[in-house]
Structures are given as C-alpha cells and as structure tokens.
Protein chains: 2
Amino acid sequence: MQRQGYVYNRAAATLRQHVSTAVALVINDLSNPFFAEFATGVDETLGAKGYVTLLGSSNESFARQRQVLGSLMEHHPAGIILSPAEASDATDIELMIGQQTPLLVFNRALIETQPTGFGYDFLGLDNRAGMCVATKHLLSLGHRRIVFYGGHADSSSCRERRLGYQDALRDANITVDESWMIETAPTRLEANAHADELFALNPAPTAAVCYNDAVALGLMLGLARLGRHPGADFAITGFDNIPEAAVDNPPLTTMNADPRARGRQAAELLLQRVANPSLPRRSVIVPVQLTQRESASPAPPTSA
Amino acid sequence: MQRQGYVYNRAAATLRQHVSTAVALVINDLSNPFFAEFATGVDETLGAKGYVTLLGSSNESFARQRQVLGSLMEHHPAGIILSPAEASDATDIELMIGQQTPLLVFNRALIETQPTGFGYDFLGLDNRAGMCVATKHLLSLGHRRIVFYGGHADSSSCRERRLGYQDALRDANITVDESWMIETAPTRLEANAHADELFALNPAPTAAVCYNDAVALGLMLGLARLGRHPGADFAITGFDNIPEAAVDNPPLTTMNADPRARGRQAAELLLQRVANPSLPRRSVIVPVQLTQRESASPAPPTSA
DNA sequence: CTGAAAGCGCTTACAG
DNA sequence: CTGAAAGCGCTTACAG
C-alpha cells in the first residue's frame with residue numbers, strides 16, 4: 001500500500017467523486033505587486049484548506065483571458081477567482097465558464113451589457129469612500145488646490161476613486177474642475193513622464209491624490225526630476241499600500257488595501273460558496289484605511 | 001456532441017493516457033517582482049504550448065515547500081519548475097517528487113549533502129561573471145574603494161556574486177577586505193536600514209555593487225536619508241533588472257537578468273525534457289549583461 | 001462488517 | 001474502415 005513510490009492520484013478521485021480540489025486563479029497582471037500579493041494570499045489560504053491553485057495570467061488581454069479560462073475549465077476546478085482584464089464582459093465570461101462553476105470576481109466590476117441571470121460573488125475595495133478619505137486628509141492639512149492624478153478614466157476603479165475625490169471637494173465647497181483630473185496609464189513609468197502637466201495648471205496645485213501607489217511613486221520621481229521635493233513642498237497620497245510604499249523616499253501616505261489579506265478573503269469567500277452553492281449572491285466591499293506617512297505634508301502658508 | 005454546456009474533461013484523458021497537461025510551478029517568493037516576472041514568463045510559455053500551470057508558493061519556508069510539492073504531486077504534473085526556498089536539500093526534494101517527474105530547478109543550487117543519482121535540470125544566472133562585470137564597470141569609472149553591499153552570505157547566489165566581485169578587485173590589484181562585504185537581508189527595507197554602515201568604514205567607499213536591485217533601491221533611499229546623492233556623489237549598481245530599476249531616481253545601472261525571459265526559457269527547457277526524458281542532464285547558466293543607467297557615476301577626482 | 005463489482009469520462013487496442 | 005469493449009485509479013453502492 002504505502003510502499004516505495006506510490007503517489008495518490010487525485011485526478012482519478014476527482015473523476016469518480018465529481019468534486020475537484022483545484023481552484024482556478026486568473027490574474028490580469030501578475031507583475032504588479034498588488035496582484036502578486038493578492039495571488040500569494042489566495043494560494044496561502046487555498047493550500048491551507050487542501051486545494052491546489054491553477055494559475056492563469058491574462059496580461060490585461062481580454063483574448064488571452066478567454067483562452068486561459070477555456071483551458072482552465074477543462075480541469076473542472078471547484079471554483080474560479082478572477083481578477084478581470086480591463087473591459088471584461090459578463091456575458092462573454094459566462095459563456096466560457098457556464099453557470100455551474102462558482103465564480104468570485106475581484107477588484108473590478110464586469111461590464112454587464114445585457115441583464116442576465118449570471119450569478120457570481122464580488123470582492124472589491126471601497127474605492128469611492130477611500131479616495132474621499134485621502135482627499136479629506138489633504139484638505140485637513142490645509143491644501144485647497146488638489147489634483148486627482150493618474151489612472152484610465154474608463155476603468156471602473158478609477159471612476160469610483162474620482163467620485164470619492166469629488167465628494168470630498170464638494171464637502172469643502174471647492175468646485176471640481178475637470179482639467180484637474182490628469183489621466184495617465186496606471187504605471188510608475190507613465191506617471192513619472194506626465195509630472196510636468198501638474199505645473200501647466202494655473203494656479204499651481206499644492207497636492208495630488210494619486211490613483212494608486214504605482215502612480216504615486218512615479219509622480220514622486222517626476223517631481224524630484226522637476227526639482228520639487230515631495231513630502232516637503234508638494235503633498236502626495238497613494239492607494240493600495242504595496243510593500244514599496246513604506247520604504248520609498250519619502251514614505252508614502254496611502255490607503256491600505258492589504259492585498260495579501262484580500263487574497264485570503266477571496267479564497268475564503270469562494271470556498272464558502274463551493275461548500276454551499278445556494279448562498280445568496282454576495283458583494284463584499286472592503287473599506288480601506290488611511291496609513292499616514294511623510295509624503296502628505298502640510299500646505300504652505302497661503303501667499304495670497 | 002458540441003451541444004450546450006459540454007466541457008472536455010481533461011482529468012479523464014490524463015488518467016487514461018498517462019500524460020498530464022499540467023506543470024507545477026513552485027516559487028519561493030511571489031511578492032518579489034523578480035519571481036513574479038519569472039512566473040509570468042513560465043505561465044506565458046506553458047499556456048502557449050497547451051499546458052496549465054499549477055502554482056504553489058513556499059514563502060521561503062522549507063516546510064511549506066515540502067507540503068506544496070506533496071500536494072502538487074498528487075495531480076501528477078508532467079513536470080515541475082522549482083525556484084527553491086533557501087537551504088533546500090536535494091535528497092529531501094527527491095523524496096517528495098520521486099525519480100519519474102522531470103524537475104527543473106531555477107536560480108539557486110540545491111544543497112547536496114550526500115551524492116545521489118537524483119537527476120534534474122538547472123537554469124541559473126551567471127552570478128559570478130555578472131558581478132565581476134558590474135565591479136569592473138565601477139573600476140573603469142575610476143572607483144577604487146568599492147563595497148559589496150547586501151544579501152545573506154550563506155545563500156548560493158550571494159556567495160557566487162561575492163566571488164565575482166573579488167575576481168574583479170584582484171584583477172585590478174586591489175586587496176579584498178572581508179569587512180567591505182556588508183550583509184543585509186535581501187530586501188529594500190533592510191538595505192535602507194544598514195546604509196550608515198558604509199560610512200563607518202575608513203577610508204569611506206565611493207561606490208557599492210549591490211547584491212540585487214531590491215538592495216540597491218533600498219541603499220539609494222538610505223543614502224538620500226543620510227544626505228548623499230546616489231548617482232552624483234556615490235555610485236551604485238544592482239543585479240536583476242526588475243521593472244522598477246529603470247524608473248527609480250536615479251535610474252539604476254544593473255545586470256540584466258530578464259526574469260520574464262528566464263521564465264519562458266525555464267518552461268521550454270522543462271518541456272523539452274518532458275518530450276524526451278532520456279536527454280542528458282543539463283545545467284544552463286545564462287550570462288547577464290550590463291545595463292548602464294545613471295546610478296553608476298564616475299569617481300570623484302582623487303583628493304589624496 | 002467485508003469484499004468484489006460498477007462506473008466517473010475519456011482513449012486505445014481489438015473485433016467485426 | 002467502423003464500432004463496441006476494455007481499462008486508467010479511484011470511490012461508492014451493493015451483494016454476500
């Protein structure tokens with residue numbers, strides 16, 4: 001029985017029992033530390049509960065995401081955790097995975113072009129309230145001219161975060177100016193490159209809430225390039241709290257999303273549904289909390 | 001046949017054919033961008049060749065690595081790509097995965113306490129020659145007092161890189177001083193924290209070759225904290241070329257390991273062996289090339 | 001309570 | 001050349 005070299009064949013068991021011990025994890029961008037941390041958390045919890053992780057990365061390509069889902073489905077996973085590529089359509093994804101396999105969507109809403117009975121759970125961040133907190137933090141430090149910096153306006157998380165920014169400004173009786181929301185690709189490189197657009201504005205802003213940490217870190221580099229000193233003569237906040245945020249220069253004030261904990265949470269939510277498919281559909285929106293560090297400095301005394 | 005809802009059951013096919021279409025990928029630290037990029041490359045190539053990736057992360061824990069390998073083995077993967085946790089023992093790993101399943105070890109040598117017939121392929125970086133090139137680059141810029149900064153001396157890659165550093169110094173007739181090799185955990189945080197140790201040395205160094213990019217980026221922050229200007233009054237090189245290296249301030253001169261390409265290469269090597277198990281055991285050492293950016297600045301004119 | 005048989009969904013070797 | 005049967009390694013329902 002237990003003699004040399006025997007290895008249990010779980011595929012055979014799966015075939016017989018009609019219950020799989022694998023969970024598919026499809027990630028839009030594994031080279032982004034936010035999602036890498038998320039994946040680590042997912043794998044940690046799945047492993048602890050005796051499941052194995054089937055990985056697929058879509059690299060933000062919708063075509064590749066379809067292909068990856070199709071390939072993973074052939075392994076009949078017990079469930080799927082999907083961090084969708086931009087502009088993923090719900091109907092199309094339903095076509096790939098059917099109604100039987102539990103699905104948990106992370107971070108980004110699927111586009112629902114037509115109403116459908118397609119049921120899936122959702123885990124996301126409270127982007128709007130979070131960005132409102134970040135903006136209010138800068139307001140409380142005396143800033144009045146605050147830019148929303150970075151991100152693609154057509155992504156759902158960017159739209160939500162922009163709304164939170166506007167909520168905070170309106171509460172402070174500051175009129176929202178569309179040109180004070182600067183669009184960049186959500187990467188460090190692009191955020192760095194567009195830093196000069198900040199100072200084309202008149203009057204010049206004294207602070208920026210950034211779409212996410214990658215953008216904030218890029219903007220800090222761009223400011224330094226332009227002879228400014230983030231955390232001293234310009235205030236910045238990020239969003240996500242990736243590991244680098246704590247150790248950059250200056251350390252970044254940001255909204256803590258704790259991506260690894262979100263990964264563990266996603267795995268738990270999915271496994272709950274696997275255990276009990278008749279649960280009502282859930283949408284969990286996680287609050288994010290302000291982590292204060294040095295990058296959000298007080299506003300200079302008003303010179304007006 | 002192709003009517004609504006039918007999904008091919010690959011587990012059944014695997015059972016019958018005795019050939020699996022899954023490959024296990026075990027990563028020591030997925031939250032490190034170097035390995036996240038590597039994983040992306042592996043998944044990219046495996047996906048293109050019709051394989052699916054079974055992910056496991058060990059978080060540098062040998063115990064967890066055993067557990068993960070055991071769990072993945074039950075899925076009878078066609079092969080295994082292992083980026084081992086520190087101090088992984090070859091005999092122990094052989095015990096987990098047996099002699100049948102092709103194994104490709106990435107990046108770090110396994111510890112072979114006793115000679116054994118355990119066969120596996122290896123893909124690694126030419127750490128010694130690479131660090132020699134980095135050091136010679138600083139020498140060619142006029143530096144003579146160069147520190148080797150960061151990393152754990154008992155990791156194989158750190159040992160190899162230290163040897164390359166020493167090769168270069170000896171070629172330049174500079175005596176190697178043990179106290180000029182400063183040990184830190186290979187993280188940004190730790191590298192930042194130990195920066196002051198550089199200036200406890202007498203005479204003070206003018207440059208440092210860093211164990212890897214994370215360490216180099218941390219050291220740059222530490223230098224800035226101490227009022228120094230990396231790339232202006234202190235020269236730095238990294239190792240790996242992670243995406244951040246190009247966009248930090250100043251951009252980091254580093255040895256380009258191209259982790260995503262290494263991932264693709266690892267997948268290809270493994271699939272070659274899967275296709276042909278009788279191939280002789282291979283050990284592929286990839287040369288790394290100098291990528292010049294601004295962090296490696298010329299030495300100041302000698303004041304002696 | 002124990003043990004032999006049936007069957008999960010495929011593929012392959014064999015009979016017609 | 002086509003089609004029915006056997007079998008991969010498990011688990012479960014059933015017979016003894």
Side-chain angles (χ1 to χ4, degrees), chain A residues 1-26 46-56 66-80 94-103 270-271 273-278, chain B residues 1-26 46-56 66-80 94-103 270-271 273-278:
Chain A
M1 196 78 153
Q2 213 133 296
R3 71 182 195 210
Q4 284 294 33
Y6 168 77
V7 185
Y8 181 80
N9 189 331
R10 194 162 290 279
T14 297
L15 182 60
R16 175 65 235 245
Q17 293 178 112
H18 293 112
V19 291
S20 171
T21 179
V23 166
L25 171 65
V26 180
L46 289 181
K49 307 239 173 173
Y51 286 81
V52 78
T53 308
L54 289 166
L55 178 71
R66 284 191 68 151
Q67 182 182 322
V68 160
L69 282 172
S71 160
L72 294 177
M73 280 307 290
E74 295 190 347
H75 289 80
H76 291 245
I80 299 175
E94 179 184 15
L95 214 70
M96 293 309 296
I97 74 176
Q99 311 260 15
Q100 306 308 316
T101 313
L103 170 66
L270 183 77
L271 293 182
R273 168 147 325 273
V274 167
N276 183 359
S278 65
Chain B
M1 196 79 152
Q2 212 133 301
R3 71 185 195 205
Q4 284 295 32
Y6 168 77
V7 185
Y8 181 80
N9 188 328
R10 195 160 290 279
T14 297
L15 182 59
R16 176 63 234 245
Q17 293 178 112
H18 294 112
V19 290
S20 170
T21 179
V23 166
L25 171 64
V26 179
L46 289 181
K49 307 240 172 172
Y51 287 81
V52 78
T53 307
L54 291 165
L55 178 71
R66 283 190 69 150
Q67 182 181 322
V68 159
L69 281 172
S71 160
L72 294 177
M73 279 309 290
E74 295 190 347
H75 290 81
H76 290 245
I80 300 174
E94 179 183 16
L95 213 70
M96 293 311 295
I97 73 176
Q99 310 260 14
Q100 306 307 315
T101 313
L103 169 67
L270 183 75
L271 293 182
R273 167 149 324 273
V274 167
N276 183 359
S278 64

note = For DNA chain D, the expected dot-bracket line (Watson-Crick or G-U under 3.5 Å, [ ] crossing, | inter-strand) is |||.||||||||.|||

request  = Measure across B:Gly50 and B:Thr21 and return the closest heavy-atom pair with its distance rounded to 0.1 Å.
outcome  = O-OG1, 2.9 Å

request  = Starting at CG of A:Asn9, measure out to CE of B:Met73 and round the result to the nearest 0.5 Å.
outcome  = 11.0 Å

request  = Indicate the atoms forming the closest heavy-atom contact of A:Ala24 with A:Pro77, along with that distance.
outcome  = N-CB, 3.9 Å

inquiry  = For B:Gln67, give me all partners under side chain to side chain donor-acceptor pair (under 3.5 Å), at least two apart in sequence or on another chain.
reply    = none

ask   = What residues form a side-chain contact (heavy atoms from CB on, under 4.5 Å) with A:Val52, not counting sequence neighbours?
value = A:Ala22, B:Leu54, B:Ser71, B:Leu72, B:His75

ask   = Got a sec, which pairs hit salt bridge (charged side-chain N to carboxylate O under 4.0 Å, His left out) with one end in residues 6-15 of chain A, sequence neighbours left out?
value = A:Arg10-B:Glu74

inquiry  = Among residues 8-18 of chain B, which ones have heavy-atom contacts with DNA chain D below 4.0 Å?
reply    = B:Leu15, B:Arg16, B:His18

task = State which residue, out of A:Val23, A:Leu25, A:Leu103, fulfils the side chain to side chain contact (heavy atoms under 4.5 Å, CB included) condition with A:Ile80.
result = A:Leu103

ask   = Which nucleotide of DNA chain D is the first, and which the last, in the 5' to 3' direction, to come under 4.0 Å of a heavy atom belonging to chain B?
value = D:dA6 to D:dG9

message = Donor-acceptor check, side chain of B:Thr14 to backbone of B:Ser20, threshold 3.5 angstrom: yes or no?
response = no

query = Checking all strands, does B:Val7 fall into the base, sugar-phosphate, or nothing category for heavy-atom contacts under 4.0 angstrom?
reply = sugar-phosphate

request  = Evaluate the side-chain proximity of A:Glu94 to A:Gln99: yes if any heavy-atom separation is below 4.5 Å, no if none is.
outcome  = yes

inquiry  = Tell me whether A:Thr101 contacts the main-chain N or O of A:His76 through its side chain, where contact means a donor paired with an acceptor under 3.5 Å.
reply    = no

message = I'd like the C1' distance from D:dA13 over to C:dC10, given in whole Å.
response = 23 Å

